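Bear in mind the structure is a predicted one, so any value in this text is a computation, not a measurement.
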Amino acid sequence: MPRFDISRLRKENGMSQNELAQHLQMTQSFLSAIENGKSPLPIEKEEKLCEIFGIPNLKDYITDKKSENSAEAHVSKMTDSDLFNQLLSRFHKQAHSAESEHHHHDHHQKIQELESRLDVMFARFDDLMARNDRLTAENERLREQIDAYRTEIDALRKENYNLSKK
């Protein structure tokens with residue numbers, strides 16, 4: 001997926017991030033993440049950008065800058081636990097920026113509840129993985145036993161066939 005220099009396009013047209021974000025129906029922070037290579041530009045927004053700036057396509061704004069912080073590179077290296085912890089951290093920061101103390105307290109309770117649920121889910125996941133390992137080992141043992149019985153049956157059939165020929 002090509003990366004576009006949205007910042008250059010925006011600045012050339014004298015538009016602020018906030019204004020462009022409103023036209024694109026997204027948050028300013030999401031637009032900032034796109035411009036900084038931390039999030040990809042949603043495909044459906046490419047056409048909208050062309051419409052806003054009256055250009056046929058974005059080919060003149062394709063950039064070859066590769067960002068080590070690109071969302072795809074960053075997320076692909078993260079585990080589900082990392083992603084969830086990052087989400088909790090973001091939720092926590094938003095709670096701290098809230099105006100009322102009561103509201104803030106509710107967020108702390110929600111975070112604790114989510115962390116507790118996550119712990120239960122990870123424990124259940126570990127139990128299921130252990131059970132899966134045991135079942136896989138039992139399945140393998142039974143397959144070996146079936147193979148041994150088949151070998152024995154084949155030998156007995158061969159012996160029976162040889163006896164019936166006499």
Problem - Side chains of Leu20 and Ile6 in contact at under 4.5 Å (non-hydrogen atoms) - result: yes
Problem - pair Gln25-Lys48: side-chain heavy atoms closer than 4.5 Å - result: no
Practice task
Find out whether Pro42 and Ile34 are in side-chain contact, i.e. whether some heavy atom of one side chain is under 4.5 Å from a heavy atom of the other.
Solution key: yes
Practice task
Is it possible for you to say whether Phe30 and Leu9 belong to one hydrophobic cluster, with membership spreading through side-chain heavy-atom contacts below 4.5 Å?
Solution key: yes
Quiz: residues 143-161 side-chain donor-acceptor pairs under 3.5 angstrom, not counting sequence neighbours:
residue: Gln145; atom: NE2; partner: Tyr149; partner atom: OH; Å: 2.9
residue: Thr151; atom: OG1; partner: Asp147; partner atom: O; Å: 2.9

Fill in the blank from the handout: To the nearest 0.5 Å, atom OG of Ser29 lies from atom CG of Asn36 at 11.5 Å
Fill in the blank from the handout: Here the pair of heavy atoms bringing Met15 nearest to Arg10 is O-CG, 2.8 Å
Handout entry: Heavy-atom side-chain contact between Arg124 and Met121 under 4.5 Å
Key = no
Fill in the blank from the handout: Value for CG (Leu31) from CE (Met26), rounded to nearest 0.5 Å, stands at 6.0 Å
Exercise for the section: Check the surroundings of atom CD in Glu47: do more than 12 heavy atoms from other residues, nucleotides or ligands lie under 6.0 Å from it? Expected result: no
Exercise for the section: Check for a donor-acceptor pair, side chain of Arg3 on one end and backbone N or O of Thr63 on the other, with a separation under 3.5 Å. Expected result: no
Handout entry: Gap between atom CG of Asn132 and atom CG of Asp127 - 0.5 Å precision
Key = 12.5 Å
Problem - Separation between CD1 of Ile43 and NZ of Lys45, rounded to the nearest 0.5 Å - result: 13.0 Å
Exercise for the section: Determine yes or no for a side-chain-to-main-chain donor-acceptor pair under 3.5 angstrom, with Ser116 supplying the side chain and Gln112 the backbone. Expected result: no
Handout entry: Closest approach of Arg8 to Asp5 (non-hydrogen atoms, all atoms of both residues)
Key = N-OD1, 3.1 Å
Please list, one pair per line, the donor and acceptor atoms closer than 3.5 Å that link side chains of residues 49-61 to other protein atoms, with sequence neighbours excluded.
residue: Asn57; atom: OD1; partner: Lys59; partner atom: N; Å: 3.0
residue: Tyr61; atom: OH; partner: Glu12; partner atom: OE1; Å: 2.5

